[in-house]
Amino acid sequence: MDEILYQELPRQSYANRNLRTGDGEKYINHFMKQKLGDKAASEIVPHINIDKDRKSKSSKPEKSRREKSSRLRRKRVLSNTDKKEMKLFEIPLEQHRYNLYKPLHELWLAYMRDCLSHATKDKMNLGVKLLKCDLHGSLIQVTKSKCPTYVGVCGILLQETKNTFKIITEENKLKTVPKSSCEFTFTVDELVVTIHGKHFCVRSSDRAMKGRMKDRVTIDL
């Protein structure tokens, strides 16, 4: 076969190939002069935006990128102040109805019966088990208080914070009762449980994780 399948590239196509690995600006100047001529290249090249920092940007260590992304993720987390301003934990007024939460109380009773069925009859172990239980939905009553107006408040527990209980009463009123100055009682079938609020000032999630609290002397109100 006499046909030529390939031939050598012209010398001028790779004579200045070393410019490719050097400064990008020099390569662009040379390329424009070669293709357009000196006069046209001198008019066009100054208007070309060359990113000189591109190499340095792309060569940033991976660690700094991870730190930046972690900072952005942290910024997206809502603070407690933001949550209060957005009223995320406020119960709307139209939902202040006692009958609306009766099914919640029935679910809580079933939950407590299941929890207590796995507990031993030893009082210490039973107390630890009750300490870890969630009280949302319990029918709770204030039996003692330093403030007489809280005594007798009874209803279904809707929210628990570190220092307060929010209780919906049968009169469809949402009461916020401080833990530290009150004594509370709730029942599960025949079991009557008394809570000394001063010793109960922890969040429900923290209480479930700790599993045991330090023994303290009970002080009558």
I want to check something: taking the side chain as every heavy atom from C-beta on, are Thr187 and Leu139 in contact at a cut-off of under 4.5 Å? no
Inspect the contact between Glu160 and Arg203 and indicate whether a charged nitrogen and a carboxylate oxygen are less than 4.0 angstrom apart. no
Separation between CD1 of Ile167 and CD1 of Ile156, rounded to the nearest 0.5 Å: 10.5 Å
So which atom in Val177 and which in Cys182 form the shortest heavy-atom distance, rounded to 0.1 Å? CG1-SG, 3.7 Å
Trp108 with Val193, same ILVMFWY side-chain cluster at under 4.5 Å: yes
Return each pair, listed once, that meets salt bridge (charged side-chain N to carboxylate O under 4.0 Å, His left out) where at least one residue sits in residues 94-117; pairs must be two or more places apart or across chains. Arg113-Asp189
Plane angle bin for Phe165 and Phe200 - parallel if under 30°, tilted between 30 and 60°, otherwise perpendicular: tilted
Nearest non-hydrogen partners of Leu135 and Leu157, listed with the distance: O-CD2, 3.3 Å
Using every non-hydrogen atom in the two residues, find where Ser180 and Lys198 come nearest and quote the distance to one decimal. O-CB, 3.7 Å
Can you give me the closest heavy-atom contact between Asp134 and Met112, atom names plus distance? O-SD, 4.4 Å
How long is the gap from NZ on Lys173 to OH on Tyr98, to the nearest 0.5 Å? 15.5 Å
Same apolar cluster (I L V M F W Y, side chains within < 4.5 Å links), Leu131/Leu191: yes
Leu104 with Tyr111, same ILVMFWY side-chain cluster at under 4.5 Å: no
Which atoms form the tightest heavy-atom contact between Thr164 and Thr161, and what is the distance? OG1-OG1, 2.5 Å
For His96 and Pro92, the nearest pair of non-hydrogen atoms, with its separation, is CD2-O, 3.1 Å
For Val151, the rest of its hydrophobic cluster, which grows through side-chain links under 4.5 angstrom: none
To the nearest 0.5 angstrom, please state how far the CG atom of Asn163 sits from the NZ atom of Lys179. 7.0 Å
What distance separates Ile140 CD1 from His105 NE2, expressed to the nearest 0.5 Å? 11.5 Å
Rounded to the nearest 0.5 angstrom, the SG-NZ distance for Cys115 and Lys129 is 5.5 Å
